[in-house]
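Reviewing the structure listed below.
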Amino acid sequence: MSVISDPVLLDNCAISACVAAGAWSALASRYTLETVEEVEREATTGYQHRAIIPPREFREQVAVHAVSDAARFDMQAAHAGLGALDEGERDLWVHALARDDAWVLCGPDIASIKFGVLNGYQERLVSLEQLLKAIGHTPKTKLADHQTEKWLQAVIGKIVMDEKFKQIR
Amino acid sequence: MNAVATAINPLIGLRLLALREQNGLSQGAMAEVLGVKSHQIVSTIEGGTRPMKADEMTALVKRFEISPDYLTDPFRLIGEGQFSWRQSACSGAALSAYQERAGKWLATYRTLSDPEDRPGPRERLSLRLWEKSSFELAMAEGERLTRDYKMGEVPAARLPDVMEQDFGILVLMVDADPGISGAACRLPELDAVLVNRNENPGRRNFDLAHEFFHILTWDTMPPGEVEDANDNGGSRAEQLANAFASALLMPRRLLERFGDWRKLGNAERASRMRTVADHFRVSVSALHWRLVALKFLNKAAAMLSVEAPSDAYLADTPPAFSPVFMTVIGKAIDAGDISVSRVAKLLEIPRDALRDLFAAHQVQAPVTVS
């Protein structure tokens with residue numbers, strides 16, 4: 001499997017899973033990791049009882065983007081689906097939607113995946129397992145099902161099928 | 001950037017309309033706030049045919065000092081829903097703040113549940129009672145429901161299930177501020193009762209039955225926005241609600257099995273009061289007044305000092321929310337209609353407590369809840 005050379009956008013679900021699997025340093029050393037300020041706040045403060053990455057270390061490992069109120073409003077005006085997401089997940093998509101370069105996004109919540117699929121970005125979605133496999137890293141702790149490539153593809157397939165059925169109805 | 005079809009978030013127009021009506025503004029006046037040329041533009045935004053621009057949303061947030069999410073958050077009630085709070089010594093500000101939190105839970109359920117899948121009948125059921133109805137009739141209706149809906153030997157135990165499954169009323173056990181016992185809430189498409197799960201079981205059950213009455217008589221006797229839980233008098237509707245609740249929780253036919261009360265000495269009566277109150281899961285005070293209403297005790301009979309209920313009885317606190325509510329949440333997470341982190345924030349619990357909450361209601365937790 002080839003290493004993904006595009007910037008990898010991460011939300012805090014992906015980051016905390018990676019930290020919990022003992023794979024954070026490996027991921028940070030091999031990829032161009034990027035995120036948004038809200039995710040940084042979550043990752044560096046233990047939001048919802050998750051692992052904490054020291055702020056300075058985080059800034060050294062991850063490029064952090066600001067999301068302005070205006071940018072958020074613009075995207076929210078067009079995408080009702082952003083309302084299903086938590087603030088970090090939402091801002092990550094607001095940032096991603098405005099980019100015109102290549103990127104991939106790792107956000108393992110089904111609502112985040114659904115947002116990506118329904119907006120035409122399913123090819124940009126990656127699992128934590130895929131990212132780690134590509135650099136030949138085996139996590140110390142087994143990844144949860146929803147961090148695997150098989151699970152991600154099954155979820156994408158289901159969302160696509162559900163949408164097709166909706167259109168037929 | 002990927003080619004994404006331009007869409008319009010329909011919620012924004014609806015929220016703009018609600019905000020304008022709340023503030024009594026014409027479309028022309030709102031056009032000035034937004035900095036757009038005419039009232040027709042406001043009309044098209046409200047109608048969902050023109051997206052609102054970022055600078056217009058910014059102007060709105062500044063002018064009305066609203067949260068930026070006011071316009072886009074599907075999980076909150078804006079300009080809709082009527083609440084009737086049962087409380088004691090709770091400030092108006094505290095009630096308002098709590099109502100906003102409660103509104104989020106109800107909006108979450110409404111947004112995420114398919115109306116076709118909600119339990120209970122599609123139509124609203126009501127009681128044929130009004131303010132001039134007698135207390136006897138209100139009590140008879142309470143008793144009738146226990147028979148018609150087969151509520152068994154301890155009606156309090158079955159009441160939440162009957163309200164949800166047979167009447168389509170969402171029952172939520174919630175953590176509320178001290179002083180807030182619960183509330184009845186009516187939305188256009190949904191009725192709900194909230195009960196402070198940290199109250200003792202007797203009070204909790206009485207509140208639930210009392211609010212059940214308000215839901216069933218809302219059209220003929222709309223309850224007040226705030227009512228005092230310690231007030232045994234109150235309006236006619238409140239008195240009828242209390243009569244209904246006591247009869248529903250302690251039907252005559254079940255109370256009769258506990259024998260004659262008039263001939264008991266004080267010690268014996270106090271002991272039996274404790275036993276019977278615990279059996280029906282009501283307070284001793286509620287039992288006393290029920291016995292008086294049934295003329296099993298004289299009006300002049302003293303309210304006895306009765307041994308406190310056992311610690312085990314008092315510790316019987318139900319898990320937060322309800323099985324129906326958590327089933328909807330679980331399905332919505334699996335369908336990608338809401339993210340797990342968003343759920344945790346709305347329910348005001350950490351992510352790692354979510355799995356336990358699903359388990360407490362015997363609802364399978366989605367795989368992403370970890």
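The sequence lines fix the lettering, A, B, ..., with proteins before strands; numbering per chain opens at 1. Just the heavy atoms: all of them, side chains too, but no hydrogens, waters or symmetry mates, feed the values below.
Proximity to chain A (any heavy atom under 4.5 Å) is restricted, for B/Pro74, to the side chain, taken from C-beta onward. Residue A/Arg72: no heavy atom, backbone or side chain, is found under 4.5 Å from chain B. If you measure heavy-atom distances from B/Ile12 to chain A, the contacts under 4.5 Å come from the side chain alone. Interface remark: B/Val343 contributes no atoms to any contact with chain A (heavy atom separation under 4.5 Å).
More than 12 heavy atoms of other residues, nucleotides or ligands lie within 6.0 Å of CD in A/Glu57, so this atom counts as buried by the packing criterion. Within 6.0 Å of the CD atom in B/Gln362, the count of heavy atoms belonging to other residues, nucleotides or ligands does not exceed 12. Atom CD of B/Glu65 has 12 or fewer neighbouring heavy atoms from other residues, nucleotides or ligands inside a 6.0 Å radius. The local environment of NE2 in B/His39 is sparse, with at most 12 non-hydrogen atoms from other residues, nucleotides or ligands closer than 6.0 Å. Around CZ of B/Arg122, the count of heavy atoms belonging to other residues, nucleotides or ligands within 6.0 Å exceeds 12. More than 12 non-hydrogen atoms from other residues, nucleotides or ligands lie less than 6.0 angstrom from NZ of B/Lys345.
With respect to B/Arg351 and A/Asp86, no salt bridge is recorded, no charged nitrogen being found less than 4.0 Å from a carboxylate O.
Of all the heavy atoms in B/Met57 and A/Ala77, the pair that sits closest is SD-CB, 4.3 Å.
Between the side chain of A/Lys114 and the backbone N or O of B/Asp337 there is no donor-acceptor pair closer than 3.5 Å.
Taking chain A as the reference chain and counting heavy-atom pairs below 4.5 Å, the highest number among B/Ala344, B/Ser341, B/Pro350 is found for B/Ser341. Interface check for chain B: of the options A/Leu85, A/Leu82, A/Asp69, the most heavy-atom pairs under 4.5 Å are formed by A/Leu85. Interface summary for chain B: among A/Asn12, A/Asp74, A/Asp162, the most heavy-atom pairs under 4.5 angstrom belong to A/Asp74. Among B/Ala353, B/Gly13, B/Ala335, B/Ala332, the residue making the largest number of heavy-atom pairs under 4.5 Å with chain A is B/Ala335.
Residues A/Ser112 and B/Ser339 form no side-chain contact, since every pair of their non-hydrogen atoms from C-beta on lies 4.5 Å or further apart. Within the 4.5 Å cutoff, the side chain of A/Gln76 has heavy atoms near those of the B/Asp69 side chain.
Between the CD1 atom of B/Ile333 and the CD1 atom of A/Ile110 there is a distance of 8.5 Å, given to the nearest 0.5 Å. Rounding to the nearest 0.5 Å gives a distance of 9.5 Å between CE of B/Met52 and CZ of A/Phe73.
Within residues 140-154 of chain A, the residues having any heavy atom under 4.5 Å from a heavy atom of chain B are, by residue number, A/Asp145, A/His146, A/Trp151.
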